[in-house]
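Below is one structure, written out as structure tokens; the observations come after it.
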Number of protein chains: 2
Amino acid sequence: MLSRSRIVDAAVDLIEREGADAVSMRRIAAGLGVGVMSLYNHVPNKAALLDAISESVLSKIEFTDDPSAHWTDRVRVQARAFRQIAHHYPRSTMVVFSRQLHSTAGLLPVERALSTLRDAGFEGSEAVRMLRMFVAYIVGSLLREVGVTPTFAPVRGDATTVDVDPALFPEVSSLAPYLTSCDHDEEFEFGLELLVQAMSVRAGKQAGRRSARG
Amino acid sequence: MLSRSRIVDAAVDLIEREGADAVSMRRIAAGLGVGVMSLYNHVPNKAALLDAISESVLSKIEFTDDPSAHWTDRVRVQARAFRQIAHHYPRSTMVVFSRQLHSTAGLLPVERALSTLRDAGFEGSEAVRMLRMFVAYIVGSLLREVGVTPTFAPVRGDATTVDVDPALFPEVSSLAPYLTSCDHDEEFEFGLELLVQAMSVRAGKQAGRRSARG
DNA sequence: GTTGACGGACGTACAGCGTACGTGCCAGTC
DNA sequence: GACTGGCACGTACGCTGTACGTCCGTCAAC
């Protein structure tokens, strides 16, 4: 029996195997051994299916939040949880990023994050701003890692040959070795640590007089 | 007479007017008062055209770098220049973000940024890491602003009504006013300032004695 | 002036797309 | 038995990208 979740799962599989461009209602139906129009009994249209895919991927984020841990560690854990799911479904993640979702699938992560930020001493608009900044960094990082967007390492994939004019681009040329290679894990952790430290400073300023929560 | 740049310009116009989904070779040709296949005399295929669009948009970034200014201000200026062009071509920016570009169109910004980072005291891999982190933040922010990706304000557009269960999501519920509204300018500047400050701290550590910004 | 070559504009054609619409099968309820 | 509603499915339409062939204007060589 066909069902919405079976369709979504098949679509995610197809995306991961052959890329987002390969996704068509016909291909999904064929993968399920089913007629094309049968899908429309469970999904109103393709756009809604893509939204459902986004929701499905987002809901797979594992948030094992430990309220007793220090808030900085909780921030790290949550950021990595986000990243891990993106690595597990890289091509579907691109679909998520390319769609505006109005669902509540992302509510739980937001709730957890805000709770953590409150423990860090951020209140009101400051907490929301911190959250948005963090999400921006994570999304931007994942967009680079997933490979669809700018590693801004504009040299050839072959790390040995660099076809950049040193006279025109001295910095790019001299830093070419670092620009061509990219250890995504290190890169992500570097930015994460920087942000956490920046948040710590800000938290100290804000909560300076008042007592921070344990 | 048809030309590659005329085609690209027409495509960008079409994207901005009617969205990326509306872009088809036929529509572009019609907009130019030209037959569909004529386009293929100047562009090998649609994918290449989209790449050309990305390149065109990126090349429009205005970098009026002032080497005499403090590096923190130069960072700010460069970040805002990036953002400004994204605001000028919001829908085309999404096309840029959704494509992996191997062109050298983004080289000049990278060169300027690395030069600025060098002045800040960052060398080698540290400079590249800083650049990548900054780009990640900017890209993530723009992705939110351009509206295609998660403002993570999962409540309704109507700011007065919030359909979130306060029992299940107390933080989201209590911060709803801040989550529903989003002043993109303030939001961007907030994260920008946080990053610049974080970089200042790091620069101080790395370069030893250096004038901190007041 | 004639001829030949060539590049660009264009029409036709084909496979694939999303999906509106209609048809038929089957389970459940009077 | 008749009726109803949900689901699987086929057909069909208008759209897409683009391979291929054709036509025409320009220019060089004779």
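- Across all strands, V36(A) comes closer than 4.0 Å to base atoms (heavy-atom distances).
- As a whole-Å value, the separation of M25(B) CE from dA19(D) P is 10 Å.
- Of the candidate nucleotides dA8(D), dA12(D), dT16(D), dA12(D) has the atom lying nearest to any side-chain atom of R26(A).
- In this structure, Y40(B) atom OH and dT16(D) atom P are separated by 11 Å, rounded to whole Å.
- In the set dA8(D), dT16(D), dA9(C), the nucleotide with an atom closest to the side chain of H42(B) is dA9(C).
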Set out, in order, the CA-CA distance, both residues' side-chain angles and the distance that settles side chain to side chain contact (heavy atoms under 4.5 Å, CB included) for E18(A) and R91(A), then state yes or no.
CA-CA 9 Å; E18(A) 306 197 28; R91(A) 297 171 135 164; 5.5 Å; no

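- The side chain of N41(A) places no N or O atom within less than 4.0 Å of a non-bridging phosphate oxygen (OP1 or OP2) of dG6(D).
- The N45(B) side chain lies nearest to dT18(D) when the options are dC7(D), dC17(C), dT18(D).
- When each of dA8(D), dT16(D), dG18(C) is scored by its nearest atom to the side-chain atoms of S38(A), the top-ranked nucleotide is dA8(D).
- Within the model, atoms CZ of R83(A) and CG of L192(A) stand 9.5 Å from one another, a figure rounded to the nearest 0.5 Å.
- Atom pair R27(A):CZ and dA15(C):P shows a separation of 17 Å (rounding to whole Å applied).
- Under the 4.0 Å criterion applied to side-chain N and carboxylate O atoms, R129(A) and D183(B) are not assigned as salt-bridge partners.
- In this structure, the nucleotide among dG17(D), dT19(C), dC7(D) sitting nearest to the side chain of K46(B) is dG17(D).
- Atoms CG (L32(B)) and C1' (dC10(C)) sit 15 Å apart, rounded to a whole Å.
- Here D9(B) does not pair with R6(B) in a salt bridge; the nearest charged N to carboxylate O distance is not below 4.0 Å.
- Atom CG of L39(B) and atom P of dA9(C) are 9 Å apart (whole Å).
- Between M1(A) atom CE and dC9(D) atom C1' there is a gap of 14 Å when expressed in whole angstrom units.
- If you measure from atom CG of L49(B) to atom C1' of dT18(D), you get 14 Å, rounded to the nearest angstrom.
- With distances taken from any side-chain atom of M37(A) to the nucleotides dG17(D), dG11(C), dC21(C), the minimum falls on dC21(C).
- A salt bridge is defined here as a Lys NZ or Arg NE, NH1 or NH2 lying under 4.0 Å from an Asp or Glu carboxylate O, and R80(B) with E189(B) meets this definition.
- Going from atom CG of D21(A) over to atom P of dG16(C) covers 16 Å, rounded to whole Å.
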